[in-house]
Structures are given as C-alpha cells and as structure tokens.
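Lettering of chains follows the sequences in order, A, B, ..., and the numbering in each one begins at 1.
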Protein chains: 2
Amino acid sequence: MSAPAKTASSIKDVARAAGVSVATVSRVLGNGPVSEALRKRVEDAVRATGYRPNLSARRLRSQHSQTVGLVVSDIRNPFFTAVSRAVEDAAYHAGMRVILCNSDENPEREELYLRLMQEERITGLIFAPTRATLDRLDRLDLEFPVVLIDRNAPAGRHDAVVLDNPQAAAMLVDHLHARGYRRIAGLFGNTSTTGAERHEGYRAAMAAKGLVPAARFIAPYADAAEEAVERWMADADRPEAFVVSNSLFLMGVVKAARRMGLSIPGRLAVAGFDNEPWTELVGPGLTVIEQPVQEIGRSAMALLFERLEQPDRPTRRLVLAGTCVVRGSTGARLEAAD
Amino acid sequence: MSAPAKTASSIKDVARAAGVSVATVSRVLGNGPVSEALRKRVEDAVRATGYRPNLSARRLRSQHSQTVGLVVSDIRNPFFTAVSRAVEDAAYHAGMRVILCNSDENPEREELYLRLMQEERITGLIFAPTRATLDRLDRLDLEFPVVLIDRNAPAGRHDAVVLDNPQAAAMLVDHLHARGYRRIAGLFGNTSTTGAERHEGYRAAMAAKGLVPAARFIAPYADAAEEAVERWMADADRPEAFVVSNSLFLMGVVKAARRMGLSIPGRLAVAGFDNEPWTELVGPGLTVIEQPVQEIGRSAMALLFERLEQPDRPTRRLVLAGTCVVRGSTGARLEAAD
DNA sequence: AGCCGATCTGTAATCGTTTTCAGTTGCCGA
DNA sequence: TCGGCAACTGAAAACGATTACAGATCGGCT
C-alpha cells in the first residue's frame with residue numbers, strides 16, 4: 001500500500017526521477033519532439049511519482065484558462081438546469097471547465113460573480129442577466145466575450161440565444177382562441193425581460209383576435225401565482241383561461257384551481273411555458289410551450305466559440321422557435337360553463 | 001467613453017501608476033501594513049487601471065485554490081439540483097468557488113473528472129460516486145478530503161452524509177401496511193448503492209410485518225419503471241401497492257397507471273422518494289419521503305470544513321432521517337378492490 | 001577532414017502573485 | 001548628537017508550468 005503523498009509532485013520531481021530537464025518533461029506531456037527513449041523514461045517517471053500537472057501554473061503561463069462561466073438566476077429553475085447540462089457537455093467535449101453561479105436575480109451577487117469571472121480570466125461567459133445588469137452591461141467592459149441566454153437586449157453589443165417569446169406567447173393565445181376561449185388572462189413575471197416579451201406577444205395576439213388583454217405582473221414564485229389566481233377568480237370578470245409565463249406559475253394556477261374546486265379545463269383552462277416531465281402528469285396534462293433547451297445550451301457555446309475565433313464579426317442574435325405541446329388543460333371550451 | 005483594455009492590467013501596472021513597488025500594492029490588497037497616504041494612492045491606481053487580481057497567479061503562489069469540487073451523476077436529478085444549491089450557497093459564504101461535474105453514472109467520465117479535480121488542486125470534494133468508483137475510492141489516494149453524499153460505503157475512509165435509507169423505505173412499507181395494503185411491491189434502481197439500501201429497508205420491513213417481499217431492480221429511467229409496472233400489473237399476482245426508490249420511477253408508475261386505466265389509489269397505491277413540488281399536484285398527490293436536501297448540502301460542506309481544520313479526526317458519517325409526506329396516493333385500501 | 005543541417009536537449013526567462021528579508025525612514029530618549 | 005526601535009517600503013525569491021534560444025550530437029556530403 002502506497003503512503004499518501006504529503007504534497008503533490010511537480011514537474012521538477014518528475015524531471016529528477018527521470019534524470020532529464022523539466023523542459024523535456026513538459027515536451028513529453030505536450031507532444032513536443034522527444035526521442036523515444038527519453039519519452040519512455042519520462043512516462044515511467046510520471047507514473048511513478050503520480051504526477052498531475054498544476055492547472056493554475058499552466059494557466060498562468062499559457063494565459064488560457066480553458067474555462068467558461070455560466071451565471072444564471074437559479075439552477076433549480078428547470079430551464080437553467082437543462083441548459084447547464086447542455087453547456088457542460090459542450091464544454092466537456094471541448095476540454096473546458098464550467099464555473100456555475102446562481103445570482104438569485106440579485107444584482108449585487110451578480111456583480112460579485114462577474115468580478116470573479118474576470119479574476120478567473122475565463123474564456124467566455126454564458127449569462128442570463130437580471131434586468132438591471134442587462135441595462136449596464138455595455139458599460140462594464142468585460143474582457144471576455146459574453147453570450148446572453150434567455151434574457152436579452154433588443155440590439156445588444158453581445159451575442160444572444162433566445163426563444164421567440166412573443167411568438168410563443170401568441171401561439172398559446174391563438175390555441176386557446178381556437179378552442180373557444182375568449183376571456184384569456186395573462187400572468188407574467190415582473191423581474192425578467194422574458195416576462196415582458198411574453199406579455200408583449202400575448203397582448204398583440206389578443207388584440208389581433210379583437211380580444212381585450214388582461215395581464216398582471218407578479219413576483220416569480222408559485223405562491224404569487226396561486227394568490228393572484230384566487231383573487232382573480234373571485235372577481236366578477238373572472239377569466240376562462242390563463243396564459244402564464246413559466247412553470248412555477250403553472251403550479252400556482254393548478255394549486256389555486258384545486259383549492260377552489262375549479263375543474264381544468266371545465267371551469268378554467270391553463271397554458272404556460274416549459275415542457276417539464278411532470279406537466280404531462282398533472283390533471284389532464286398541461287398545455288405548454290416547449291423550449292429547445294438542449295439547442296439553446298449548445299448554440300450558446302457554439303456562438304461563444306465562433307466569437308473567440310473571429311472577435312470582430314458582427315454580433316449575432318439567435319432566435320429559436322418554441323413548439324406548442326397541446327394537452328388536456330386546454331380542452332375545448334364547454335358552452336355550458338359559467 | 002473608455003476604450004476597452006486590450007489586455008488585463010497586472011499588479012505591475014498598478015505599481016507603476018501609483019509609483020510604488022508591487023509588494024506595496026499586494027499589501028494594500030491584502031490588508032498588510034501600509035501608510036494611509038500610500039494606501040490611498042494605490043487604491044486610486046487600482047481604480048484607474050481597472051485592475052483585477054489574477055486568481056491563477058494567486059493560487060499558484062499561495063497554494064490555496066479556494067475551490068470545492070462537486071461531482072454528481074446528473075444535475076437534472078432534482079435531489080442533486082437542490083443539494084448543489086445548498087453547496088453553492090455555503091461556498092459563496094465561505095468565499096469559495098464550485099466546480100460542478102456531471103458523471104452520468106459513467107465511471108470513465110468520473111475518473112476524468114477526479115483527475116481534473118487533482119489538477120485543479122481543489123480544497124475538497126463533495127462526491128456522489130458510482131458503485132464502481134466507490135469500491136476503489138480508497139485506493140485512489142486523492143490529495144484532498146472527500147465527503148460522500150447520497151451514496152456511501154458502510155464504514156469508509158471518508159466522511160459522508162446520507163439519508164437513513166433503510167428506515168425511510170421501512171416507513172413507506174409500514175404506512176402502506178397501516179392503510180391496509182398487503183401485496184406491496186418494490187422497484188429499485190440497479191446502479192446505485194441507494195437503491196440497494198432502500199431495498200434492504202423494504203425487505204426488512206416486509207418481513208417484520210410477515211409479508212413476502214417482491215422487489216425488482218431496474219435501470220434508473222422513468223421508462224423502465226413504466227414498463228416494469230405494466231408487465232407486473234398484467235401478472236396474476238399483481239401488487240396492490242408500489243414502493244419505488246426515486247422520483248423518476250414515481251413518474252413511470254403514474255404513467256403506467258394512467259395508460260392501463262388503473263385509478264390511484266383505488267386499484268394501485270404508490271409511494272416513493274423525493275418531495276418535489278409536482279408530487280403534490282399529480283393525481284391525488286403522491287406520498288413520498290422528503291429528504292432534507294438543504295441540510296444534506298450544508299452538512300456536507302460543514303464536514304468538509306471540519307476535516308480541513310482537523311485532518312486527523314476520525315471519519316464521520318452523518319445519517320439524516322427523512323420525513324414521510326402522506327398524500328392521496330396511499331389512501332386507505334378499499335376492501336372491494338380486486 | 002571539415003562543414004552543414006537536422007534533431008534533440010537543456011538553460012533560463014516568463015506568466016502575476018505573495019512573502020521573506022533587508023533596508024530606509026523618522027522619532028524618541030539619553 | 002547619537003543609538004535604538006518601530007513602522008513602513010522595496011528587491012528578490014519563490015510557486016509550477018511553457019517556450020525561445022542556444023548548445024550538443026551525429027550523419028552525410030564534398
């Protein structure tokens with residue numbers, strides 16, 4: 001049984017063990033030109049000493065960190081969970097590492113992490129910023145390329161990958177309209193640009209159908225949605241259907257409906273965003289917009305790599321379409337209802 | 001408008017701008033003894049140059065990486081998602097960074113990441129290993145402390161935080177028994193030690209009640225559970241209830257029940273693990289064991305820090321109890337059934 | 001024999017920090 | 001006036017790698 005090395009061995013130890021210079025060891029490791037005999041001696045020495053290169057030293061010298069940052073609001077948001085997997089996979093295949101940070105929609109924490117990213121000298125950043133940070137992003141003079149995801153400025157100085165939010169929201173409205181619903185309410189998050197974009201799509205689609213939009217903006221929690229629905233459904237002008245801008249709200253709506261004894265879709269139809277596995281299982285199944293999460297993560301990394309190769313190419317903004325997954329929660333409206 | 005710095009400024013640039021030596025700059029940054037006058041000059045220079053310390057250099061010199069590794073099978077598993085948040089928060093408060101890796105239950109990928117951890121010279125690792133790696137973990141001679149989570153060797157050389165899996169599984173069996181169920185089947189994952197432990201608890205509890213255990217081991221996917229249930233429920237000796245060892249299987253059971261038109265709990269009761277938000281919303285609500293995920297993450301970090309302070313203190317194994325959240329999916333058995 | 005070029009190897013500089021050690025001040029008391 | 005001490009500051013040596021440059025060896029050619 002080998003005694004655990006007290007301290008990691010360095011390239012010098014390997015050089016000494018092999019009876020060569022550190023340059024030779026480095027060359028063996030980096031595929032430089034080395035004679036077969038020495039190469040073998042060095043490789044044996046590497047095994048014998050249990051040598052592992054020190055990445056800090058390597059990065060310092062080479063000025064490449066081989067690291068991408070990923071800053072999102074909360075990894076527990078399933079959208080970001082999925083995107084992070086795609087990003088991590090892409091990084092893995094490119095031989096890079098990922099540093100993951102949760103900003104909690106908190107600009108201070110976000111700022112701290114941006115500073116960290118600079119200190120890490122990351123190769124690039126994939127970023128879902130808060131509104132506040134998005135506004136001052138151009139003034140920040142970051143030293144690495146940034147690819148925005150999910151949130152996004154209209155015509156930014158940065159590459160971006162986003163869902164076509166207005167169109168997606170409109171799809172939901174159109175679908176509900178086709179199923180016979182007219183009084184369609186909207187619940188949107190009040191912190192992100194995403195909520196705003198989806199609201200805009202909702203508003204436009206309603207107008208196009210000659211319906212009156214009725215939107216409320218709430219904090220991004222299920223509870224907030226539950227409360228909003230309960231209050232709203234007690235009103236005289238209660239809606240027949242809800243379009244909501246994320247899966248937390250979807251939960252809130254279902255909970256409220258259950259508590260008030262309103263059947264879905266009999267008394268209340270629902271449609272929302274994010275095709276999570278459980279949306280299929282709840283009640284009659286929930287109609288949702290499915291985001292191409294894999295592709296969003298992959299494309300973000302792809303844009304990042306393109307930018308690294310051609311730093312001066314014009315900014316690109318990738319707008320991906322969502323797909324509407326129709327389920328029971330938007331079943332045809334019963335004329336008898338109400 | 002300031003032109004973007006072509007290259008990050010180093011401590012030398014600051015020193016030059018402030019007209020002092022680099023040592024002084026370093027002391028200002030690190031709260032060393034510096035006169036007020038110079039401190040001010042340096043701080044101004046730092047602002048003027050937009051200086052950010054280079055963490056690679058700092059780590060190389062100080063030999064502290066201030067980084068913890070987190071290697072789990074898949075961040076999309078909600079248990080790990082939640083744990084990762086707790087870990088990240090703890091790290092954030094301790095001024096440390098987190099490197100997140102997904103092993104996909106793949107020993108090769110796991111090995112690659114363990115190597116990476118060594119090259120990063122991480123401060124410590126929080127690790128949910130595959131069975132294969134768990135077995136040879138002692139022979140790996142890692143140079144940093146490891147805290148195991150979720151999976152775990154009986155009496156290892158490493159600290160660990162785990163759920164009391166046998167007891168938790170037994171709680172589910174006892175609960176179902178109390179509700180009148182007798183033919184209680186079990187579905188367990190065939191890759192992790194967790195599945196094995198939960199099976200053991202299930203087996204023991206069944207035996208204690210004088211019931212015959214009937215367990216099957218399946219691949220860790222919802223589809224596998226769905227298929228297993230469909231086949232099993234077509235048998236002559238079909239169970240009245242299922243105990244399943246994770247939330248993916250829970251989904252599989254619900255899907256199968258729905259497809260076969262079996263009402264829950266009328267024709268089929270279900271209980272499982274992981275109190276995810278949606279388990280409340282599916283059907284009559286699903287009875288589950290809730291793991292103290294926050295505490296698991298926090299405790300893992302706490303154990304890590306203790307170990308760093310006292311490298312030689314005896315290994316500790318924290319066993320946390322789950323709580324049984326009772327919902328409609330295990331409603332009292334109808335005598336009329338069958 | 002002498003020269004050239006190809007091929008390998010080693011020396012030493014470098015990346016950006018921290019930290020030791022050795023000054024350099026200025027102040028105080030004698 | 002001078003020694004001594006405290007308080008600060010700077011020069012230089014690490015940390016562990018990569019790499020430009022130069023030196024060594026050797027075969028082949030004239």
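At whole-Å resolution of the value, CZ in B:R121 and P in D:dC15 are 13 Å apart. Between the CZ atom of B:R59 and the P atom of C:dT18 there is a distance of 13 Å, rounded to whole Å. Here D:dT9 presents its C1' atom at 15 Å from CD of B:E36, a figure rounded to the nearest Å. Between B:Q118 atom CD and D:dG16 atom C1' there is a gap of 16 Å when expressed in whole angstrom units. Residue A:D13 contributes atom CG, which lies 11 Å from atom P of D:dC15 at whole-angstrom precision. As a whole-Å value, the separation of A:Y51 OH from D:dG16 C1' is 7 Å. Distance CZ (A:R58) to P (C:dG16): 18 Å, rounded to an integer number of Å. To the nearest angstrom, C1' of C:dG16 lies 17 Å from CG of A:L55.
A salt bridge is defined here as a Lys NZ or Arg NE, NH1 or NH2 lying under 4.0 Å from an Asp or Glu carboxylate O, and A:R52 with B:E143 fails to meet this definition. Ion pairing between A:R58 and B:E119 fails under the 4.0 Å rule for side-chain N and carboxylate O. In summary, A:E120 and B:R59 engage in a salt bridge, as defined by a charged side-chain N under 4.0 Å from a carboxylate O. Salt bridge absent: A:D44 and A:R41 never bring a charged side-chain N and a carboxylate O closer than 4.0 Å. A salt bridge does not link A:E295 with A:R298: every distance from a Lys NZ or Arg NE/NH1/NH2 to an Asp or Glu carboxylate oxygen is 4.0 Å or more.
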In B/S/- notation (B base, S sugar-phosphate only, - none; protein heavy atoms under 4.0 Å), nucleotides 19-24 of chain C written 5' to 3' is BB----
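Atoms CD and OG1, from B:Q66 and B:T123 in turn, are 5.5 Å apart once rounded to the nearest 0.5 Å.
Across all strands, B:R52 comes closer than 4.0 Å only to sugar-phosphate atoms, never to a base (heavy-atom distances).
Residue A:Q63 has no polar side-chain atom (N or O) positioned under 4.0 Å from OP1 or OP2 of D:dT18. For the OP1/OP2 pair of D:dC15 and a distance below 4.0 Å, the side-chain nitrogens and oxygens of A:K12 include at least one atom meeting the criterion.
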What do the steps show when you test B:E110 against B:T130 for side chain to side chain donor-acceptor pair (under 3.5 Å), and what is the final call? CA-CA 8 Å; B:E110 208 168 45; B:T130 61; 2.8 Å; yes
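In this structure, A:I11 and B:S21 both approach DNA chain D, and ranking their closest nucleotides by distance from the 5' end singles out B:S21. The residue among B:L38 and A:L60 whose nearest nucleotide of DNA chain D is located toward the 5' end is B:L38.
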